[in-house]
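As C-alpha cells, the structure follows; a few thoughts come after it.
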Amino acid sequence: MTLSEFIVQRRTALGLSRLQLARASCIPVSRLLYIERTPEARRVSPDTLEALARGLDVPVETLLRAAGYLRRGAVDEAVLVALGVGDRP
C-alpha cells in the first residue's frame, strides 16, 4: 500500500473530509490533496508526515514506513531523530 492509499483509507475510515484532516494536521488542504493524489511519497517531508500522523491518530513511524523513510522491522530512534521527528536526549 502506498502512502497516498494509506492516508485516503485511514481518513475515510475515520469519517474525515480532506478539509477536516488538513485542519487537524495543521497543513494546507492543497498539500493534503497533492499527497493523496501523488504516489511519489518521498516528496513528503518528515515534518508533514508527523503532522498527518497526529491528524490520522497513527504512530508517525507508520507514515514514515509508508513513505519509504524507514524499513519494516524495529524502529531505530537515531533515524527518527535524524529525520527530526524523534525524541532528542
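Please read these numbers as outputs of a predicted model, since none were measured by experiment. Quick note: residue numbers are just sequence positions, from 1.
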Donor-acceptor contact below 3.5 Å, side chain Thr12 vs main chain Val8: yes

Arg18 to Leu33 - nearest heavy-atom pair and separation: NE-CD1, 3.6 Å

Check: Ser17 main-chain N/O paired with Gln20 side-chain donor or acceptor under 3.5 Å: yes

Close side-chain approach of Leu21 and Ile27, heavy atoms under 4.5 Å: no

Same cluster (ILVMFWY, side-chain, under 4.5 Å), Leu63 and Met1: yes

Nearest atoms (heavy-atom pairs only) where Arg10 meets Val58: NE-CG1, 3.5 Å

CA sep, side-chain torsions, deciding dist, call: Arg11, Leu14, side-chain contact (heavy atoms from CB on, under 4.5 Å): CA-CA 5 Å; Arg11 177 177 60 76; Leu14 292 172; 6.0 Å; no

Atom of Ile35, atom of Ser4 and distance for their closest heavy-atom approach: O-OG, 2.7 Å

Reported CG-to-OG1 distance for the pair Leu49 and Thr62, which is rounded to 0.5 angstrom: 11.0 Å

Non-hydrogen atoms of Ala24 and Gly55 that approach each other most closely: CB-CA, 4.1 Å

Distance (rounded to the nearest 0.5 Å) between Ile7 CD1 and Leu52 CG: 5.0 Å

Nearest heavy atoms of Arg31 and Ser45, plus distance in Å: NH2-N, 4.1 Å

Flag, side chain of Gln9 to backbone of Phe6, donor-acceptor distance under 3.5 Å: no

Flag, side chain of Arg54 to backbone of Ser25, donor-acceptor distance under 3.5 Å: no

